[in-house]
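Right, one structure below, let's go through it.
Indexing begins at 1, ligand by ligand and atom by atom, following the structure's order. All values reported here derive from a predicted model rather than from experimental measurement. Just so you know, these numbers use all the heavy atoms, side chains as well, and skip hydrogens, waters and symmetry mates.
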Amino acid sequence: MSGTAAGPAGLLTEIDHAAIAVNDLDAAIAWYAEVFGATVAHRERVDSDGVEEALVKVADSYIQLLTPTRDDSPVAKYLAARGEGLHHVGYRVADCALALQAVIDSGGRVIDETPRPGSRGTTVAFVHPKTSFGTLIELVLG
Ligand code: CO
C-alpha cells in the first residue's frame, strides 16, 4: 500500500453524497425540483436503518434527503435533538474495509465495525462524528 508518514494516500476517491435530514421527504424533493430543477435519481426505503432516502443528482454526486420511517430510527433522534440539517457526508472509497481499518488503526471510533450493505446495492461503514471533527462520515463503496 502506498502512503506517507501522515497516512495512506487516496483512500477517499470522490464525494458520493451530502445527506440532509428532513421532516417531509416529498416537500424537500419538491423544493430541489422547483428551485433548482434537480431530479431524483433513486429513492429507497431502508428498513434496517429506519429511513427513507431520495438521491437528488448533482453532477456525479448526490444530495441524499433522509427522513425517518420510525420513531426509534437514528435519524428520528437526530431530528428531535437538532432539527433539520446536514446529517452526514458520504465519501466514495475503492475499498471500504481498508478505509474503515485505517480509521480503526488511527485510534478512531467507528459505528460499523465491518462494512455492511447500504442503499442502492452499495457497501458502507459509518465513522463516529467524535472521531471526525463533529461530522458523521459514511464510507461508500459501489
Ligand atoms: Co448516506
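At a cut-off of 2.8 Å, S119 is not counted among the residues with an N, O or S atom near the Co ion (ligand 1). For a distance bound of 2.8 Å, the N, O or S atoms of E138 include one lying that close to the Co ion (ligand 1). Distance check for H17 against the Co ion (ligand 1): an N/O/S atom falls below 2.8 Å.
Taking CD1 of I63 as the reference point, atom NE2 of H17 lies at 10.0 Å (rounded to 0.5 Å).
Residue-level check: among N/O/S atoms of H88, NE2 sits closest to the Co ion (ligand 1).
Between the side chains of E53 and S119, at least one donor N or O lies within less than 3.5 Å of an accepting N or O. Residues H87 and Q64 bring no donor and acceptor atom of their side chains to less than 3.5 Å of each other.
I29 has its side chain within reach of R43: a pair of non-hydrogen atoms, C-beta onward, lies under 4.5 Å apart.
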